[in-house]
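Shown next, in structure tokens, is the structure this report addresses.
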Protein chains: 2
Amino acid sequence: MAVCELISDAGLDAVTVARTARSAGMSVGLVQHYFRTKDEMLLHAFTYVSARIRDRVDELIRTGIRHRKPISGLLAEAMAQLVPMDETRRTEFRVTRAFAGRSLDAPALADVDVRTARKLRDDIAQAIHNGKECGEVAPELDPWLAATRLAAITEGLAMQVYRDPGGVNGVPAADMSDSIIKNELATVFTGECHQYGRRVAGSA
Amino acid sequence: MAVCELISDAGLDAVTVARTARSAGMSVGLVQHYFRTKDEMLLHAFTYVSARIRDRVDELIRTGIRHRKPISGLLAEAMAQLVPMDETRRTEFRVTRAFAGRSLDAPALADVDVRTARKLRDDIAQAIHNGKECGEVAPELDPWLAATRLAAITEGLAMQVYRDPGGVNGVPAADMSDSIIKNELATVFTGECHQYGRRVAGSA
DNA sequence: GTTTATACCGTATGCTGGTATGGTTATCAA
DNA sequence: TTGATAACCATACCAGCATACGGTATAAAC
């Protein structure tokens with residue numbers, strides 16, 4: 001979508017139907033033909049990027065399962081996908097963040113926001129649940145608490161990395177991010193996997 | 001500030017000089033008298049709320065020190081201040097988030113954003129450093145890594161709690177938040193404090 | 001008592017942007 | 001051939017908004 005590029009390098013406020021049309025190489029009328037209103041267009045763009053990111057993560061997990069990787073490793077990769085460590089993810093981050101800001105007073109956008117966030121958290125919880133069944137996670141651990149914590153770390157880390165891509169004290173942000181995610185996962189996935197073939201996340 | 005109220009319950013886009021003026025009980029002309037431009041006004045509002053939150057945290061820490069509380073407890077309280085658990089904090093959260101969204105393409109706002117975030121993280125690092133000197137923290141622990149993690153958890157938790165104030169699975173968000181913060185701090189502050197009288201954070 | 005500065009107001013102006021409208025072309029079914 | 005639906009365009013219209021401007025009032029300063 002052309003809207004996303006626009007948002008990413010000019011900001012959501014810079015998005016006008018006219019500009020969007022030009023950037024997409026079409027006329028204003030055509031944009032109107034597809035979206036009855038501007039809000040509709042923005043909503044579409046938001047759901048679109050959200051879905052795209054999710055698809056990438058899901059794909060990552062699916063192939064991971066196929067290769068019989070441990071769940072903790074899969075989660076690490078998945079979480080890293082949401083941290084803006086390269087240009088692609090940085091662009092995505094900018095877009096989602098812009099929408100997140102507007103979500104505060106646009107119910108339709110807010111809905112997409114909570115839905116995606118919720119799905120991420122629930123999938124993590126599911127992964128933890130599966131981890132229990134295969135021995136990677138201690139049985140007495142609360143999956144929802146841990147999932148919330150992991151979701152929070154991911155989202156928070158994303159912001160830290162975005163603000164200081166160079167990292168702190170000479171250590172690159174990407175390295176810090178990786179090690180933090182790893183450590184955080186290590187407090188949840190404390191055992192070895194001894195059973196395979198389960199689904200990790202509820203990727204419907 | 002009247003701007004903040006407006007932002008909180010109508011969104012940043014709903015902020016016009018005219019509306020702001022009316023909401024503050026004055027004329028458009030007077031607003032112009034104080035702020036040459038609208039952006040100037042918004043910038044002022046952003047720095048204002050940021051400073052207010054910080055002041056509250058600083059005050060909390062200062063009295064905590066006076067009462068000789070352990071550093072980990074102070075940090076827990078401080079971090080909780082940034083999580084929208086009551087109406088006040090929820091309002092603040094909405095305002096700061098709205099600005100954070102616009103920060104993506106407004107250098108002046110972005111500056112305030114990174115400055116406040118950076119300050120929080122550095123203060124946490126300082127607290128950890130102090131924790132080492134008084135025995136609460138293991139000497140080999142990397143302060144910057146831990147500080148980044150704690151800052152990330154705080155910010156991420158804030159979003160989780162904002163989206164699901166009711167919590168997950170029957171557990172109130174506030175309770176989850178508290179326990180997550182506590183656990184997270186427990187991995188850093190592993191010892192007992194045996195020495196008093198140090199500053200916790202660099203509250204200048 | 002006149003100047004200067006500050007607090008304060010109402011309105012005019014110019015522009016930008018969303019949407020409405022009235023069109024053209026093209027495809028395809030009846 | 002006709003009719004209908006969809007892809008596609010240019011522009012007109014109108015509202016909302018930031019900013020400019022020209023003003024009044026109060027009061028301290030000289």
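Below, chain A is the first sequence line, B the second, and so on; all start at residue 1.
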With a cut-off of 3.5 Å and sequence neighbours excluded, list every side-chain donor-acceptor pair involving residues 27-36 of chain B.
from: Ser27(B); atom 1: OG; to: Gly29(B); atom 2: N; distance (Å): 3.4
from: Ser27(B); atom 1: OG; to: Leu30(B); atom 2: N; distance (Å): 3.2

N/O (side chain, Tyr34(A)) to phosphate O (OP1/OP2, dA6(D)) under 4.0 Å: no

Residue pairs passing the ring-ring contact (aromatic ring centres under 6.0 Å, His included) test with at least one member in residues 143-184 of chain B, sequence neighbours excluded, are Phe93(B)-Tyr162(B)

Using a 4.0 Å cut-off on protein heavy atoms (strictly under), produce a 5'-to-3' string for nucleotides 15-29 of chain D with B for base contact, S for backbone-only sugar-phosphate contact, and - for none. --SSBBB--------

Here the distance between atom P of dC9(D) and atom CZ of Arg22(A), to the nearest Å, is 14 Å

If you only use heavy atoms from C-beta on, which nucleotide in dC9(D), dC8(C), dA7(D) is closest to the side chain of Ser27(B)? dC8(C)

Taking atom C1' of dG17(C) as reference, at what distance in whole Å does atom CE of Met41(A) sit? 12 Å

Is it true that Glu92(A) and Arg89(A) make a salt bridge, defined as a side-chain N closer than 4.0 Å to a carboxylate O? no

Give the rounded distance in Å between these two atoms: CG of Leu12(A) and P of dG17(C). 14 Å

State plainly whether the residues Arg54(B) and Glu59(B) are in salt-bridge range, i.e. N to O under 4.0 Å. no

When you check the phosphate oxygens OP1 and OP2 of dC8(D), does a side-chain N or O of His33(A) lie under 4.0 Å from one of them? no

Would you call Asp13(B) and Arg102(B) a salt bridge, using N to O less than 4.0 angstrom? yes

Compute whether any side-chain donor of one residue and acceptor of the other, for Arg56(A) and Gln81(A), lie under 3.5 angstrom apart. yes

Could you tell me the separation between the CG atom of Leu30(B) and the C1' atom of dT11(C), rounded to a whole number of Å? 16 Å

